[in-house]
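Input: a single structure, listed below in structure tokens.
Along the sequence shown, the residues carry numbers beginning at 1. None of the values given here were measured: they were computed from a predicted structure.
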Amino acid sequence: MPGLAPLRVAPGSLDAWLLSGLWLCALGCLCGVGTAAPGAGAGAGGSLGAQRPCQAPQQWEGRQVLYRQSTGRYSRALLSYDGLNQRVRVLDERKALIPCKRLFEYILLYKDGVMFQIEQATKQCSKITLTEPWDPLDIPQNSTFEDQYSIGGPQEQITVQEWSDRKSARSYETWIGIYTVKDCYPVQETFTKNYSVILSTRFFDIQLGIKDPSVFTPPSTCQTAQPERMSEECSW
């Protein structure tokens with residue numbers, strides 16, 4: 001999803017999709033970085049030119065680890081992705097005690113053009129307008145095939161393909177997506193700028209379908225939501 005990242009997204013909107021990227025834009029980190037450029041075609045040389053992007057699942061749930069170069073931090077979250085209805089839910093996970101770290105839930109409803117940010121501890125809610133269009137977590141059809149390889153080793157490996165937004169007029173890429181060959185599950189999406197990684201998201205523990213669709217319904221506290229986004233850091 002050249003993301004997010006949910007997030008395929010850029011500063012000011014998610015680090016929006018992701019948070020993994022689409023959501024990358026919505027959550028406020030990347031926007032406008034990584035969209036596959038028109039004319040980007042098959043990878044350099046040989047049989048690579050015969051490769052075509054697979055179709056990623058439209059509805060799934062899993063977990064993600066997001067790295068932001070701007071903060072130098074990794075963050076973990078549960079993720080519910082509903083491409084059919086253009087909505088994403090990201091729930092921060094606490095894996096270690098981080099002093100003065102607030103945990104949030106993000107509900108991004110692209111058809112309604114809004115994102116809800118809910119603090120997990122207090123249920124305080126912010127309602128923020130989404131300015132970027134929906135950007136699905138998948139491989140754009142005009143992406144460039146880069147490589148195919150196996151992750152793991154003998155008796156325990158999975159084959160993946162690597163795609164990018166690289167085109168012939170440019171020797172580098174701003175987005176790289178890694179997806180499994182068999183079912184086209186997202187494995188990792190990376191965004192770069194000026195030859196440096198600015199955002200990278202890994203996906204794992206993916207299960208098809210949405211177990212509980214109500215996760216996309218904001219809590220009652222969002223009826224009186226504030227318009228400003230809340231800080232991830234403590235106010236004291």
Let me confirm one number: the [atom1]-[atom2] distance from [X] to [Y], rounded to the nearest 0.5 Å.
X: S164; Y: D147; atom1: OG; atom2: CG; answer: 11.0 Å
X: N142; Y: K167; atom1: CG; atom2: NZ; answer: 10.5 Å
X: L91; Y: I107; atom1: CG; atom2: CD1; answer: 9.5 Å
X: Q226; Y: C125; atom1: CD; atom2: SG; answer: 8.0 Å
X: R52; Y: Q141; atom1: CZ; atom2: CD; answer: 9.0 Å
X: D92; Y: S75; atom1: CG; atom2: OG; answer: 6.5 Å

Decide whether [X] and [Y] are clustered together by the hydrophobic rule: side chain heavy atoms of Ile, Leu, Val, Met, Phe, Trp, Tyr closer than 4.5 Å, transitively.
X: L66; Y: I206; value: yes
X: I139; Y: V160; value: no
X: L130; Y: V114; value: no
X: Y67; Y: V65; value: yes
X: L109; Y: V88; value: no

Note, [X] side chain near [Y] side chain (heavy atom, < 4.5 Å):
X: F191; Y: S200; answer: no
X: Y110; Y: P133; answer: no
X: I178; Y: W163; answer: no
X: E162; Y: I176; answer: yes
X: R87; Y: K111; answer: no
X: V187; Y: F204; answer: no
X: R102; Y: M230; answer: yes
X: Y179; Y: E189; answer: yes

- Task: Report the C-alpha distance between W60 and L79 in whole Å, list the side-chain angles of each, state the deciding distance to 0.1 Å, and finish with yes or no for side-chain contact (heavy atoms from CB on, under 4.5 Å).
- Result: CA-CA 8 Å; W60 54 269; L79 180 66; 3.5 Å; yes
- Kindly indicate, with the supporting measurements, whether the criterion side-chain hydrogen bond (donor to acceptor under 3.5 Å, both in side chains) is fulfilled by T122 and E119. CA-CA 6 Å; T122 66; E119 184 176 17; 2.9 Å; yes
Can you name the nearest heavy-atom pair linking [X] to [Y], along with the distance?
X: Q59; Y: N85; value: NE2-ND2, 4.0 Å
X: R63; Y: D205; value: NH1-OD2, 3.1 Å
X: C184; Y: P57; value: O-CD, 3.2 Å
X: T180; Y: I158; value: CG2-CD1, 3.6 Å
X: C222; Y: I118; value: SG-CG1, 3.8 Å
X: P140; Y: P53; value: O-CG, 3.6 Å

- Residues in side chain to side chain contact (heavy atoms under 4.5 Å, CB included) contact with Q55, at least two apart in sequence or another chain: Q58
- Message: Once side chain to side chain contact (heavy atoms under 4.5 Å, CB included) is applied, do any residues pair with E61, and if so which ones, sequence neighbours excluded?
- Response: S80, I210, K211
- Please name the residue in the list Y185, W134, F216, F203 that meets the ring pair (Phe, Tyr, Trp, His ring centres under 6.0 Å) test with Y81. W134
Got a donor-acceptor contact below 3.5 angstrom from the [X] side chain to the [Y] backbone?
X: T221; Y: K123; result: yes
X: E173; Y: W175; result: no
X: T174; Y: K193; result: no
X: T144; Y: R166; result: yes

- Message: Taking the ring of Y195 and the ring of Y172, is the distance between their centroids below 6.0 Å?
- Response: yes
Side chains of [X] and [Y], donor plus acceptor under 3.5 Å:
X: N194; Y: S196; value: no
X: Q64; Y: T201; value: no
X: E105; Y: Q120; value: no

